[in-house]
Amino acid sequence: MWFLRINMSDRTHQFTEVPEKYKYFAGRALTSNLIADEVPPPAHPLGPNNKLVFSPGFMTGTSAPTSSRISVGGKSPLTGGIKESNAGTPWAWKIARMRIKALIVEGQPEDKGAFWGVVIGWDKEAEQPTLEWFDATEYAGQNAYDIYPKVYEKFEGRRISVCSIGLASEHAYGNAGVIFEDMSQRPSRYAGRGGLGSVMGSKGLKFILLDDSGAPGVEIVDKDLFDEGRKKMVAALQEHAITKPKGGLNTYGTAVLINILNEAGGLPTRNFASGRFEDAAKIAGEAIFEGNKKRLGKELYNHACSPGCIIRCSNTWHREDKTEHVSCVEYESDWAFGANLEINDLDVIAELIKLCNGYGLDTIETGVTLGVAMEAGVLPFGDGEAAIKMVHQMGKGEPMGRILGSGTGMAGKVLGVTRVPAVKGQGMPAYEPRAVKGIGITYATSTMGADHTAGYTIAPEILGVSAQLDPLSPEGKAALSRAFQATTAFIDSSGHCLFIAFAILDIESGFEGLIEEANGVLGTSWTADDVVNFGTEVLKVERKFNEAAGFSKEEDRIPEFMHTEPLPPHNVVFEIDDETLDKVYGEI
Amino acid sequence: MNITVKLFASLGQYSPEGESAKPFTFDIEQGDSLKSLVRTLNIPEEDIRIKFVNGRTQDWDYRLQHDDEVGFFPPIGGG
């Protein structure tokens, strides 16, 4: 196993052995520990002292199902705190198979206009990775959909996987994501949240390309135990109605959640003014499935974003003339540009997603920021054409585009808006805290800013997974959020997609499988308690970094308007007091 | 008395409207429960994971009232 350090100040690199301290870390646990150990908390996120760390999970690169996630970590330009954002992509699979446990991008070149790329390969004789540089300045200033084919062509004959930044990162936006290829070489899989793309851009790094030809694959200490765990995980995923073939996710994609959140009165609508969108059904996962069926004349089930995924939830939206418009219309993106902006047209939503993918923008942050801009009267609610023009302004770096590119919290301040749905500057995802209390606690207290994936209490509060809790009740939700945040920090370190949670929360043998897989790969003897403790320790490290960076418990709060404005249709406010919020980490 | 029913995702196959999410009005007897409603609609109980009435989740024995809005979901998830 290797650490690869790339120093952008002098364009040097170094492969080193993995220090003992980090041997049992991977994914989020490793990115967060490395950032905490090596980045001074007061460092400017876009300055030379911040670092960008990539790390695949424990199981990434193995035959464990649905485990090709890559964690990206750094100090966030959006929140000013620690950040981990992860994506499912073939790139994750390849870096793991080259036994690179962490790729650490450091320093900063003096020449601001130049961009560089690296190609990481494998030297079979020396049995170690290699690295070569190339000048990538010619690819700057262009749409990702235009430059990806050129890069594959440049390295024709080699099995290249692409990670890159887009124009949004060249503009140093707070909402710029790190872009990864999907299985069909689209620039569509994002470590989207928190502006980590701009950290990469600030270092003048445009591409990290991988060629894993000849790579040995992941070392597994106890193959029998690993296989036992893997089989349990496969069985759980194939049995559970949400994750099985032609089940909910494979048929309708993640946007299947539009209707259920709308029914629950928790689908944020018109910049979080209501919990119901009257045209929800027109943009829901069912409408995507039926729309494709009508246009293509056949049923279309979803595909995998990365090697070894057996859930296969990534959809593709098609135009009337049957050509592909965009992949993927995720629930979050669909909501951010749909209900949140009162846009009810899937073709417009698809175009907005495609523009974000092409420009390197995080769809959630972009949609939530546009909602705030609509609230400010910069453009009208429901006006798809105006929204499309505005995203072009963001991509092109025009003045209003730059303001919106700074993210929800900052844009809200500049535009003088009081209804700004953000925590720690990061825009809220597609679940209304007033109508779903547990997720509100996660938004408020997570080390990441408003992030649904950090502690997905939606599973028991809305979806009836593991339990059926009343989403409107605050009772027991602080403890629930804490438990979910800890377990999630482990799953984010495992390399598995968070969607395994549905199956392993309901099917006990699936959870056993997760632990056996990890013990098999690492040679550990972790128990279920160890998993929670592992996650808790990751959270503590992240929390400590944030405190040193200047965060106090006063930042663990839901915006004021959610305490005072009743949310239709249930006419509820977020009534959870500060003491309860402070207990989430106070009692960790 | 009348209620409005919506069947979502794969439950759309049981809808008299022939598609998911499209509301239809249904005439029921005073005192009918959610359980008797799904029997009348010929939906296998085990296909239903979440039962909403007026935006709140309810149990099978919930007694329906005039003008109630009912929504049934199979197991679904995402994020």
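Note that this is a predicted model, so its numbers are computed, not measured. Just so we're on the same page: letters track the sequence lines, and every chain starts at 1.
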**Report entry** Side chain H570(A), main chain G55(B), donor-acceptor under 3.5 Å
**Finding:**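 Judged by distance alone, yes, a pair lies under 3.5 Å.
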Can you say whether [X] sits under 4.5 Å from chain B via the side chain, the backbone, both, or neither, judging by heavy atoms?
{"X": "F289(A)", "value": "neither"}
{"X": "N262(A)", "value": "neither"}
{"X": "I462(A)", "value": "backbone"}
{"X": "E290(A)", "value": "neither"}

Report task. Using a cut-off of 6.0 Å, state whether more than 12 heavy atoms not belonging to E45(B) lie near its atom CD. Result ->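 Counting neighbours around CD of E45(B), more than 12 heavy atoms of other residues, nucleotides or ligands fall under 6.0 Å, so yes.
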In terms of heavy-atom pairs under 4.5 Å, which option from [options] contacts chain B the most?
{"options": "A501(A), G248(A), G464(A)", "value": "G464(A)"}
{"options": "Y331(A), W335(A), Y456(A)", "value": "Y456(A)"}
{"options": "A264(A), C313(A), G265(A)", "value": "A264(A)"}
{"options": "T251(A), D470(A), L498(A)", "value": "D470(A)"}

Report task. Taking heavy atoms only and a threshold strictly under 4.5 Å, list by residue number the residues of residues 252-261 of chain A that touch chain B; give 'none' if the list is empty. Result -> Y252(A), T254(A), V256(A), L257(A), N259(A), I260(A)
Query raised in the report: So which heavy atom on N54(B) is nearest to which on R276(A), and how close?
Result: C-NH2, 4.4 Å
Report task. Go through the steps for R49(B) and L463(A) under the test side-chain contact (heavy atoms from CB on, under 4.5 Å), then give the verdict. Result -> CA-CA 8 Å; R49(B) 171 76 73 107; L463(A) 306 173; over 6 Å; no
**Report entry** Distance in Å, T57(B) OG1 paired with E263(A) CD, rounded so as to fall on 0.5 Å steps
**Finding:** 12.0 Å
Query raised in the report: Which distance, rounded to the nearest 0.5 Å, do you find between the CD of E286(A) and the CG of L7(B)?
Result: 11.0 Å
Query raised in the report: Can you name the residues of residues 8-32 of chain B that have some heavy atom under 4.5 Å away from a heavy atom in chain A?
Result: F8(B), A9(B), S10(B), S20(B), A21(B)
